Every structure is written in C-alpha cells, then in structure tokens.
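The structure appears right after this line, and notes come after that.
Predicted, not measured: the structure shown is a model, and the values here were computed from it. Hydrogens, waters and symmetry mates play no part in the numbers below; they use all other heavy atoms, side chains included.
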Amino acid sequence: MKTLSKPINKEEFWADRIKDAEKNGHIHTSVFDCKPEDWEAIAKVHQEIIKKEEVSGKILDAGCGYGRASEWFNQYVGVDFSPEFIDKAKELHPDAIFFKRDLKKMEFDTNVFDWAICISMKRMIVANLGWGTWGKIEEELRRVAKNVIIFEYSNPYEYEIIRNSI
C-alpha cells in the first residue's frame, strides 16, 4: 500500500488542527471534520458498541485527542503524542487522567488495562505512515491491555476486537 503524505506524525499538524477547530467553534473537527449532528451520532453508536461488548474496567484511550471518550468510563486514562491535545483534554476533562505518550512504546506495565480503545486511528496511520507503524502500535496495545477495540469513523458500526490470552 502506498502511503500518503499527510504529516500525522508531526505535533505541528495536530496543533494546527486544534487551532482551526477552536476558530470554527467545533472542537470535534480537530479529529474528524463532520457536522455536529453526525459527530453526535457516531459517538452514540460507539457507546452502544462499548455497552454491547461489555468494555469496562480500567480503560486506555490510545490517541485520545481532546479526551472525548473520558466521559464514557469510570477508570479512564487517555494518551496522545500531541502535547496540545493533552493540554486541551486536561482543560476540558479535569477529572480524567491524560499523558503524552508515543503509542509505539508506552510507559505502562503489561496488561495493566482491561481494555485499550482506538478511535479512528488505524486507517489513518496505515494510509499515512504504513503497516509497519500500525503493527508497532498494535503490538504495544496488546502488551498493555488485555483487550483492544478499534473503531473507525468512516463507518461507525465498523470495529474490531482483539482479545489477548492472559
């Protein structure tokens, strides 16, 4: 697969996305540019799937952006490599826990989380950085979490679950 040239692995790319989203008054456009009503519908579908699949316990939100999923869980930790996203997440969700981390090598113990969730990252990473980069991220998610659920925005009903044998 030929990769695209969008610099998604550059902090400046995401800093600019946050600035643009704040200007237009819709923070969700920093991670996915769609109408607010579509954004709400996607979140509702993801919450229904989380309930159906019994995603609970200690949750890692890998690539958490501005922490939108923090409200869905009681034991939540969000990680993102963008310091601007982490700052925005802490501002919007002061009761949640957020860390700046490289998703290819996170500083967490093995199986410390019951679930890791990834929302709309896999296709973007594969398309822009290649399968090798995604493979390293997925390997690290499997290491730190007992289960992984991966969502995509392009089809909010599309998801995959990876269950680790422990």
Q: Apply side-chain hydrogen bond (donor to acceptor under 3.5 Å, both in side chains) to Glu160 and list each qualifying residue two or more places apart in sequence or on a separate chain.
A: Lys122

(Q) Could you check whether Phe98 and Tyr76 have their ring centres less than 6.0 Å apart? (A) yes

Q: Take Lys44 and Glu40, measure what salt bridge (Lys or Arg N to Asp or Glu O under 4.0 Å) needs, and give me the verdict at the end.
A: CA-CA 6 Å; Lys44 184 179 178 188; Glu40 290 173 21; over 6 Å; no

Q) In Å, rounded to the nearest 0.5 Å, how long is the span from CD1 of Ile125 to NZ of Lys104? A) 8.5 Å

Q: With rounding to the nearest 0.5 Å, note down the distance linking CG in Leu129 to CD1 in Ile137.
A: 7.5 Å

Close side-chain approach of [X] and [Y], heavy atoms under 4.5 Å:
{"X": "Trp72", "Y": "Lys51", "value": "no"}
{"X": "Ile150", "Y": "Ile162", "value": "yes"}
{"X": "Ile119", "Y": "Phe32", "value": "no"}
{"X": "Val79", "Y": "Lys100", "value": "no"}
{"X": "Asp20", "Y": "Thr29", "value": "no"}
{"X": "Tyr153", "Y": "Val31", "value": "yes"}

Q.
Per the salt bridge (Lys or Arg N to Asp or Glu O under 4.0 Å) rule, what does the pair list look like for residues 55-69, sequence neighbours excluded?
A. none

Keeping the roles fixed (side chain from [X], backbone from [Y]), state whether a donor-acceptor pair exists under 3.5 Å.
{"X": "His26", "Y": "Lys35", "value": "no"}
{"X": "Asp80", "Y": "Ile86", "value": "no"}
{"X": "Asn147", "Y": "Asp114", "value": "yes"}
{"X": "Glu152", "Y": "Arg123", "value": "yes"}
{"X": "Glu140", "Y": "Met106", "value": "yes"}

**Q.** Pair Glu91 + Lys88, salt bridge at N-O below 4.0 Å
**A.** yes

Q: Measure up the Phe85 and Trp14 rings against each other and bin them: parallel (under 30°), tilted (30 to 60°), perpendicular (over 60°).
A: tilted

Q: Specify whether Phe151 and Tyr159 have parallel, tilted or perpendicular ring planes, treating 30° as the upper limit for parallel and 60° as the lower limit for perpendicular.
A: tilted

